[in-house]
Structures are given as C-alpha cells and as structure tokens.
Amino acid sequence: TQIPAPRGYAIQLRVNMEAIDARGNVKPQGGTLAVFEPPSGPGVDIVVQGAVDSELQPLLAALEGRDQVQIAAWPFWRGRIGSKSVGVSRTEVGPINAAAATTLAIVHFRPALILNQGTAGATGPDLKVFDIVVGEATVDYGAFRSAHRDAGAGVDLSGWAPMPHRLRLDGKERIPFSAFPGDGAALRVATETPYKRGRVVKGVIGSAFELNRELDRLTWVRKTYGAVTEDMESAFSAGVAAGFRVPFLAIRVISDSEFHSPEMQPIAGEYCASFVVDVIKRIEPARGRSTRAGRGDRGVNRKYGNMAP
C-alpha cells in the first residue's frame, strides 16, 4: 500500500538525563530540572538602560551595526560598542516599566552585566548639577512601614521605618534586601573613567515612583535610607537583576537639585549616556563573572546599617 502524505507535525522533546563515565559508557541518571532556558539567540556582554530617549541618544549613536527588537511595550537595540556586544533598553519611566524591561532584557539577551543610567535629582546640597553618582547600592526609598496613629493625629515621618524587599534566590529562603549592592568590578571602572562635566562620586542611589520637591522630605530620604539621589527606576531594575543573579550597576547624573538648581537640565541625560559609553569601552569582557547579588542584607547591612530592617 502507498504511504499517505504526512499531515501536521510530530514533535518529540526529551530532557537528557544520561551521563558518560570515564570509559565512554552511557548511564542513566536522575534528578530535578531546576532551570529551563529556551533558545533565544546570542547573549550580550552588557545591557545598558535608560528611561527616555534623551538618556539614550549618545548610546545609540555609538552602537555599531545596531538592529532594533520590539518586545511587547518595550524597545531594545543590539549592536557593538568597541569590543563589547551591547543591548540598549529604553525601559520607560517608573518601577513597573523598569522591572518588566529588565526581566525581558535578561531573558532575551542574557547579559553578563546591566548598567542602569540616566538623570536623577539630588537629596542634599552637596551634589551639583552634572555631577555623576555611581551606585555602591540602590535602595527603594518608597518601601517603609509606619506606626499606628489615630485619626486626626497627623503624619509623623519619625515613625516610618524602612522595609526590605525579600527574594527567594534559591526558591526556599526569603532573603531580605534593604538595598541592592552594585557590582564592584564595574563600579571601579566607572569611578576611574574620566569625566569633564563635574565630579564622579560613589553613593547610594535611591528610587521611588515619586517626584519630591520638599526639602524636608528630601532630607528625610537621605537620612533614613542613605540615598544621595532620587530617580524612578534604578532600584527596581536592581532588584530584578538580583533575582536573576546578574551583576548590576546604576550610574546617575544630577539633572536638578531643589537645594540650589531646581530647574531640570535635559542635557544632563546626554552627558551621562556619553560617560557610560566611555565606561563600556573600558570594562573588561565580563561573561561568566560572578555577582554579589545573592548576599542580600548579609552583604550590605554592615556598611549601610541605617537601612537594615
């Protein structure tokens, strides 16, 4: 009889659970499938993020052979800067966008390092417009718990205590993060990179979906969380990176300060992006580099004790 023409498709999927011993013999094995990663194309050395176009233009201009990928609501570009393969992500503004864009970047581009960069406001008078802060840590200064107060008793910030984020890095233990530490190797490169527009300093970068213009509120953020800047994305991208154990560093330029320069300077975003292009060129290839992210508060509380839960 004639074999009929095939219709449809048959797909067979297998998980390889065999091991080859020293003599070349194949032996069956057992165990638990802990991670499944579908094919998604080649990884990149670095993913660099910016929330808006003005924070990305120098990066896109430096990105050679770039192509664009749109994933749902978030655009990405991939190419090369110097010897590095680089993905550029426009996260859009705020914590929801930052978390979603960072997750997509990690799953689709598998970066060895994430650099979150852009503009920020100052929480104190010592930082000037165009100064750059490299994040020793990032902190969510909108995470707090308050003490009970009866109706009409008013609001008392002295009763507000920082509240940590908690991640199950191993799927079991909930590890508290009062802040997310920046990658040490990338931080050293960034602080050694020349910059002519202002100072380059290390500090804690703060994030919340807030726009604060009250000096007392800004002073409280700085005193309570140790944050010297405020933006709307860094800490949330850092938290996702920590969950995936991907090294992360935030770099922010001061674009405004309610203490002496309250008018936003949009050109600051371009200055920061140009600086980050130089940082990328100076970073050594990082694939396979380990991260401190899994240490949680065990790694940051000694230095940032006022942020402990």
Side-chain angles (χ1 to χ4, degrees), residues 1-53 56 59-60 63-81 83-116 167-174 233 236-248 285-291 293-294:
T1 59
Q2 187 176 5
I3 299 176
R7 293 183 301 170
Y9 300 91
I11 299 175
Q12 185 181 82
L13 301 176
R14 295 192 180 194
V15 176
N16 185 4
M17 301 189 70
E18 297 175 339
I20 301 176
D21 64 19
R23 296 183 177 181
N25 299 316
V26 177
K27 295 184 177 181
Q29 299 289 318
T32 302
L33 181 64
V35 177
F36 171 69
E37 183 176 328
S40 57
V44 299
D45 293 310
I46 299 169
V47 161
V48 58
Q49 302 174 312
V52 295
D53 287 338
L56 294 178
L59 287 154
L60 293 176
L63 195 64
E64 299 177 354
R66 76 174 189 246
D67 60 349
Q68 182 174 352
V69 179
Q70 185 75 30
I71 306 175
W74 297 275
F76 300 84
W77 295 262
R78 177 160 41 189
R80 300 193 71 83
I81 295 179
S83 62
K84 315 299 187 310
S85 57
V86 176
V88 175
S89 165
R90 189 178 71 207
T91 63
E92 307 298 346
V93 176
I96 292 175
N97 281 312
T102 304
T103 301
L104 291 172
I106 292 171
V107 171
H108 286 269
F109 299 105
R110 304 197 311 279
L113 173 68
I114 295 176
L115 297 176
N116 180 283
L167 299 175
R168 296 184 189 270
L169 297 180
D170 59 358
K172 298 177 182 178
E173 180 186 2
R174 296 176 70 227
E233 297 86 27
F236 309 104
S237 293
V240 172
F244 280 94
R245 299 181 184 266
V246 176
F248 176 94
R287 302 211 61 80
R289 177 150 49 90
S290 62
T291 174

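In this chain, numbering begins with 1 at the start of the sequence shown.
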In Å, rounded to the nearest 0.5 Å, how long is the span from [atom1] of [X] to [atom2] of [Y]?
{"X": "Ile114", "Y": "Gln49", "atom1": "CD1", "atom2": "CD", "answer": "5.5 Å"}
{"X": "Thr91", "Y": "Glu233", "atom1": "OG1", "atom2": "CD", "answer": "5.0 Å"}
{"X": "Ile106", "Y": "Phe248", "atom1": "CD1", "atom2": "CZ", "answer": "9.5 Å"}
{"X": "Ser237", "Y": "Asn97", "atom1": "OG", "atom2": "CG", "answer": "10.0 Å"}

query: Judged by atom type as modelled, is there a donor-acceptor pair below 3.5 Å linking the side chain of Gln2 to the main-chain atoms of Pro4?
result: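 Not a single qualifying donor-acceptor pair exists.
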
field: Minimum side-chain heavy-atom gap Leu56-Trp77 below 4.5 Å
entry: yes

field: Asp45 and Val86, any side-chain heavy atoms less than 4.5 Å apart
entry: no

Apply side-chain contact (heavy atoms from CB on, under 4.5 Å) to [X] and list each qualifying residue two or more places apart in sequence or on a separate chain.
{"X": "Arg174", "value": "Arg166, Arg168"}
{"X": "Thr103", "value": "Val107, Val240, Phe244"}
{"X": "Asp53", "value": "Gln57, Arg90"}
{"X": "Val52", "value": "Ser54, Glu55, Val93"}

message: Test of understanding: with side chain to side chain donor-acceptor pair (under 3.5 Å), list the residues that count as partners of Ser89, not counting sequence neighbours.
response: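 Residues passing side chain to side chain donor-acceptor pair (under 3.5 Å) with Ser89: none at all.
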
task: Tell me, please, which residues at least two apart from Arg66 pass side chain to side chain donor-acceptor pair (under 3.5 Å).
output: none

query: Taking all non-hydrogen atoms of both residues, which atom of Val47 and which atom of Pro111 are closest, and how far apart?
result: CG2-CB, 3.7 Å

- line: Closest non-hydrogen contact found for Leu59 with Ile81 is O-CD1, 4.2 Å

- request: Report the residues that fulfil salt bridge (charged side-chain N to carboxylate O under 4.0 Å, His left out) with Asp170, sequence neighbours left out, ordered by chain and then residue number.
  value: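 Testing Asp170 for salt bridge (charged side-chain N to carboxylate O under 4.0 Å, His left out), a comparison that skips the adjacent residues, returns none.
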
- prompt: Taking only residues two or more places apart in sequence or in another chain, which ones pass salt bridge (charged side-chain N to carboxylate O under 4.0 Å, His left out) with Lys27?
  reply: Asp21

query: ring pair (Phe, Tyr, Trp, His ring centres under 6.0 Å) with Phe76: which residues, sequence neighbours excluded?
result: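 Phe76 satisfies ring pair (Phe, Tyr, Trp, His ring centres under 6.0 Å) with Phe109 only.
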
message: Surrounding CD1 of Ile96 (heavy atoms of other residues, nucleotides or ligands, distance under 6.0 Å), is the total greater than 12?
response: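 12 or below, so no.
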
